[in-house]
*Asks:* 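Once you've had a glance at the structure underneath, I'll fire off some questions.
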Amino acid sequence: MMGLMGFLIRRVLNMAAVLLVTVLLTIAILGPSADAILKRAIEQETRAEILQNKELVGKFKDPRELEDYVKSQIQGKVASMGLNDPWYSPRRLWAIAMKVMTLDFGQSYYIRGYGGSSNVKDIILESLPRTVLLFGTATLLIAVLGILVGAAAARRAGSILDKAVLGYAVLSNSFPLWWIGMLAILVFSYTLRIFPARATPPILPSDPAYPMALLYHMALPLLTIALIGFGGWAYIVRNLVAGILQEDFITVAKARGVPERKIVYGHALRSAAPPIVTIIALALSGSFGGAMITEAVFDWPGLGRLYWEAIGLLDVPVIVGLTYVSTLIFLLSVFIADVLYGVFDPRVRVG
Amino acid sequence: MEALAVEELRAYYFPADKPPLRAVDGVSFELKGGLSMGFVGESGCGKSTLGLALLRLLPSPGRIISGAVRLNGVDLMSLSEGEFDRIVRWKRISMIFQGAMNALSPVYTIGHQLSEPLVYRLGLPKRDARELSIKALWEVGLDEGIMDRYPHELSGGMKQRVMIAMALALRPDILIADEPTTALDVVVQAQILNLLKDLRERLSISIMLLTHDLGVVSEIADAIAVMYAGEIVELGPSDLIFSDPKHPYTRGLLAAAPRIRGGKSKPTPILGSPPDLANPPKGCRFRPRCLTAIPSCERAPPTVELGSNRMVRCWLYG
Amino acid sequence: MSAWSPRSLWAEYKRCKVGLAGLALFAMLLALSVIAIASVPLDSYRQWNNPSHWTEYPRAAPPAWANYVTGLKLPEHMVLRNPTVRQSAAGWVRVVTHTYYFSFLYEAFPDDFLFKFSLIYGGSPPLVELSAERPDGLRMLLARIAAPPRPEGSEARAYNSAIFSTDVSLKVNLANCLADRVGVIVSPDGISPERMIFAKEGPSMAEGGTGVLKGDYAFQARFFLFGEGDDVLSSRLVIGGKVFGPFGTDDLRRDLSVGILWGTPIALSIGVSVAILSVSIGIAYGVISGYCGGRLDELMMRLNDVAYAIPALPFLILLALSLGRSLLYMMAYLVLFGWVGVAKVARSVALQIKAAPYIEAVELLGAPSRRIIFRHIAPQLIPYAMANIALSVPAAILAEAGLSFIGLGDPTMPTWGQILHDAQIHGAAIRGLWWWALSPGVMLALSSLAFVMMGYALDRALNPKMRGA
């Protein structure tokens, strides 16, 4: 198993590099405005701290004196955090990187968590499981549908099914996923009234009926994402499997009596698994954005909707936090794909 | 009596909106039980198609057009695909494919792949199939330790041995070996050829050896069929073909080959290149490259019988 | 990578029906762009986010053709701007008549109506009299108003005003008219003026009428002008309907056809320029990396790997928020993320070409590497670049739409994505305002489909291997 370990270590290193670049890039993009966010947060914190200390406040007779004291305290903290250095100074970069690595994104401007918390980390961590639930399920559904349909199309290359898969892949990739979400609401919620229009259940999470309600409310976004998403996967799988079906070892397997079904779903699909996993990991990056936006359309209370709200309110700390967290999720899913690659491909596993 | 008799076999490829490729165009020969016959020709002469056609494994858009194939007197052409698969393929006729590198599935262990014919063709339980597979590995000089290895962990020679073990596992009457030694280094080539020779004697199977390499044929074949542009242009016992080649193409091939038995002259290549199989020259297909062409060569050459089991298709003898 | 010529490429491309369909679709979009630029005034496009520009339009009206689909005959919203103008003078009074003729053939009454006018006058205020003539010849006085008085001898100035169907005096006038001429007593409180004007004659008019009197109507405004330089500058009549135009209107009364038609040239130029730029950059990057090889290649490819692994959307959001969101910036951001995939493939193709004997020959002749890259390697990549550009266009169009949809579009230029953003904010889907959500998306899909199809056909023309399968 040394091969697999080595492979995974390489992937982890690559991931860390990407994460580091992400951090640096965000800092570079936000640069001075990030400083402003930070200073503002310090100001708020310090002020609140002092004003809550009644004893301390009582010592000042003149409100102007108090104000001067608060200002000097804030100045002191800003200086102690090194905020007087420009944002690109190495010390600052390191400090910001450390904050980001510990998911310390400071306080939000307007958005509050369900418990009323204004800590960006809390707000994001509240939404995270819902995003993972929706897209985890959707991705599984897409993978199963895409692989089965793609392999079936490859098995009958040139058939009506095969052409339908190509056509559907082209069509479904031409539509923005979130727009299909709007249409789905229009058709299934407004016209047919089968599914609720808002994906947030109207009852509290503590209610025992909550899981069922959540599932019911999740159905429409889930089906939309899965049905639009699987076309592209099916096409990728179809091309890879069809290519492998031309290989010599497939002819040999057929000659030695392996049934056709086992050839397609065993030999061909398993050989195609590593490239499928790689290509799909890359395809994830394409669909990632669309999926986040789709959350907002369905009002699914995950990261995507949080993004939508934060952009609407220009709540910068939340947006910055979301950038890191969504990059992290994305990298993690690519990493999972890499692990699967290692599992599927004996050449990596042992060699 | 002959184990395999092929008469006027034609197998073409039909690419979309193009004229068909006549890859095998009227091939006839007989192969006696326990003997081996070499099919020699440049790449693209139709020998691989011939092998695949006999196993009915032509890749699309290839099809057998006409001809008769009899195995131990049984007409194979009258069998349905299902019957052929059940009765003949791999059980009676099996094949070692060109390019041992790509002939094994990369994602299954050797043991799994070796067991497959035993499980699917003979219906053996997995455990018995595994035992038999280990025996088959011994037969080809491999150790059972590789049962749980993957193809990419084996050398080319080992993979070719596995292929041979797999092809012989069901004890077929006919083994088609398509370029069994190409892409192997010289020492391994010799080992594989010895193995084939040895197995042929021990198991008394007939071998059809398809190769471009005269050296390989000379090692193992009792008879030789020289193929050019989808046709057999000369056929006869091995020693006679080498000592007294009749067809200008055969002579050319021998002259082009590096000397096997210590000749003095340097190899001289045949000029020109093989014809387009979609639109072969009229008459004798070798005419454009033939140094001894005569006007009658513009008509289809006659098949001339030259004594015992010897045939040549050339106007020089007609 | 074999040698290619435009002609052989076209010959191969022509064989693919999908490609021809894509080309046809593209031509259609181009035509639509031309129509948009020629027929929709730039001004109404510029006014997109100015609510006061759209007051004459109906709120959230479906497109006019919806009547054919639903089978209902809902009245179409009409904005009439070209009256028949007549002038007559009697002594020191001049009378200018603006008459609007229109036929009203719908099953339902209009929502409301509005008469807007613009006068110029000095001292004595002009009088305005608005009346309607029905298909059955009945003539009804709607309103008679005077412009506000101005001090004697004051400078002539423009005056804009409007008569609304909701004015109380209108109801009273109409009720009087019905009592006098038809003999129906109508309570002016209960029934709206448009029902009194457009109802079939009969006793039922008292309860608001049983049906619409279909036929040709004429609304006539008579302006009585008393001063020397006084004049009527313009007028218009708006008959409020329930359906409007080819694309309908949104909740903010905007005529969607303006945004959707103008969206076409904008989306096409975003898509094409982003695609061309990012593919060119990607190819240059890949070719330089592949051709130079060695450490530089290694470094450039590592960088490429990292860039590949960064998800685009979060960074597009950050960029838009911190640097600005004008359309040009937007396009630059998209290029920033667009070149990465191309570079990798371009590198492998460049490596193949580099190994070709004639490149070696050129190298032996001592050509500088810059020349080899741009004169010998890059041209060979043109067909590959074309297929890639075609396939990058939809990505760019959809990415811009996505950014606009989450509310980061250029506020000075409406795009399809922004229309959908507004639709989402106003709950168009949940409220069943299908035309608002449908048409911008269909346009998006058609545009990307056109390029996907062309890219597919180009790909097939360039990779003969794919053709058999």
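Just so it is clear: chains get the letters A, B, ... in the order the sequence lines come, proteins before strands, and each one is counted from 1.
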*Asks:* Would you mind telling me which of C:L398, C:L318, C:V452 has the largest number of heavy-atom pairs within less than 4.5 Å of chain A?
*Replies:*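 Ranked by heavy-atom pairs under 4.5 Å with chain A, first place is C:L318.
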
*Asks:* Please state whether the side chain, the backbone, both or neither of A:I311 comes within less than 4.5 Å of a heavy atom of chain C.
*Replies:*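 A:I311 touches chain C through side-chain heavy atoms alone.
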
*Asks:* Name the option with the most non-hydrogen atom pairs under 4.5 Å to chain C; the candidates are A:L314, A:I319, A:I180, A:L322.
*Replies:*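 The residue among A:L314, A:I319, A:I180, A:L322 with the greatest pair count is A:I319.
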
*Asks:* Measuring heavy-atom distances to chain A, does C:A423 have an atom under 4.5 Å in its side chain, in its backbone, in both, or in neither?
*Replies:*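 Both backbone and side chain of C:A423 come within 4.5 Å of chain A.
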
*Asks:* Do you know which of C:L446, C:L433, C:L316, C:V442 has the most heavy-atom pairs with chain A at a distance under 4.5 angstrom?
*Replies:*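 When all of C:L446, C:L433, C:L316, C:V442 are compared, C:V442 has the most.
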
*Asks:* Top residue by heavy-atom pair count (under 4.5 Å) with chain A, among C:A399, C:G402, C:A307?
*Replies:*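 Heavy-atom pairs under 4.5 Å are most numerous for C:G402.
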
*Asks:* Given heavy-atom pairs under 4.5 angstrom as the criterion, report whether the side chain, backbone, both or neither of C:R302 touches chain A.
*Replies:*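 Neither part; nothing is under 4.5 Å.
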
*Asks:* Name the region of C:I430, side chain, backbone, both or neither, that has any atom closer than 4.5 Å to a heavy atom of chain A.
*Replies:*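 The answer is both parts of C:I430.
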
*Asks:* Measure distances from C:L438 to the heavy atoms of chain A and classify the residue's part below 4.5 Å as side chain, backbone, both or neither.
*Replies:*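 C:L438 touches chain A through backbone and side-chain heavy atoms alike.
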
*Asks:* Are the side chains of C:L444 and A:P176 in contact, using a 4.5 Å heavy-atom criterion?
*Replies:*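 The answer is yes; the side chains approach within 4.5 Å.
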
*Asks:* Under 30°, 30 to 60°, or over 60°: which ring-plane class applies to C:F405 and A:W178, parallel, tilted or perpendicular?
*Replies:*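 C:F405 and A:W178: parallel rings.
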
*Asks:* If I measure from the heavy atoms of chain C, does A:L166 come under 4.5 Å with its side chain, its backbone, both, or neither?
*Replies:*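 Just the side chain, heavy atoms under 4.5 Å.
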
*Asks:* Could you tell me the separation between the CD1 atom of C:I310 and the OG1 atom of A:T323, rounded to the nearest 0.5 Å?
*Replies:*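 Rounded to the nearest 0.5 Å, the CD1-OG1 separation comes out at 12.0 Å.
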
*Asks:* Under a 4.5 Å heavy-atom cut-off, does chain C meet the side chain of A:A242, its backbone, both or neither?
*Replies:*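 Neither part.
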
*Asks:* Tell me the residues of residues 185-194 of chain A whose non-hydrogen atoms fall below 4.5 Å from those of chain C, in number order.
*Replies:*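 A:I185, A:L186, A:Y190 fall under the 4.5 Å cut-off.
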
*Asks:* Using the ring-ring contact (aromatic ring centres under 6.0 Å, His included) criterion, which residues pair with A:Y168? Sequence neighbours excluded.
*Replies:*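 Result, ring-ring contact (aromatic ring centres under 6.0 Å, His included) vs A:Y168: A:F230.
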
*Asks:* To the nearest 0.5 Å, what is the distance between CG (C:L313) and OG (A:S326)?
*Replies:*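 The distance works out to 7.5 Å.
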
*Asks:* When rounded to the nearest 0.5 angstrom, what is the spacing between CH2 in A:W308 and NE2 in C:H421?
*Replies:*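 Atom-to-atom, A:W308:CH2 and C:H421:NE2 are 5.0 Å apart.
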
*Asks:* Given a strict heavy-atom distance threshold of 4.5 Å, which part of C:V18 is in contact with chain A: side chain, backbone, both, or neither?
*Replies:*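 It is neither, since no heavy atom gets under 4.5 Å.
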
*Asks:* Measure the shortest side-chain to side-chain distance between A:Y307 and C:I406 over non-hydrogen atoms and say whether it is less than 4.5 angstrom.
*Replies:*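 The answer is no, as the side chains (C-beta and beyond) never meet within the 4.5 Å cut-off.
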
*Asks:* Can you confirm whether A:M182 sits close enough to C:W436 that some side-chain heavy atom of one is under 4.5 Å from a side-chain heavy atom of the other?
*Replies:*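 Side chain of A:M182 against side chain of C:W436, heavy atoms only: no contact under 4.5 Å found.
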
*Asks:* Once you round to the nearest 0.5 Å, how far does CG of C:L449 lie from CG of A:N173?
*Replies:*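 Between atom CG of C:L449 and atom CG of A:N173 there are 10.5 Å.
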
*Asks:* Report which part of A:L19 has an atom under 4.5 Å of a heavy atom belonging to chain C: side chain, backbone, both, or neither.
*Replies:*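 Looking at A:L19, nothing touches chain C.
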
*Asks:* Is a side-chain donor or acceptor of A:W179 paired with a backbone partner of C:A437 at a separation under 3.5 angstrom?
*Replies:*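 Judged by distance alone, yes, a pair lies under 3.5 Å.
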
*Asks:* Just how far is it from atom CE of A:M292 to atom CD1 of C:I317, taken to the nearest 0.5 Å?
*Replies:*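 Between A:M292 CE and C:I317 CD1, I get 7.5 Å after rounding to 0.5 Å.
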
*Asks:* Quick one: which of A:L177, A:T327, A:L331 has the most heavy-atom pairs under 4.5 Å with chain C, could you say?
*Replies:*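 Of A:L177, A:T327, A:L331, A:T327 has the most heavy-atom pairs under 4.5 Å with chain C.
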
*Asks:* Give, as side chain, backbone, both or neither, the part of A:V170 having an atom under 4.5 angstrom from any heavy atom of chain C.
*Replies:*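 Both the backbone and the side chain of A:V170 come within 4.5 Å of chain C.
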
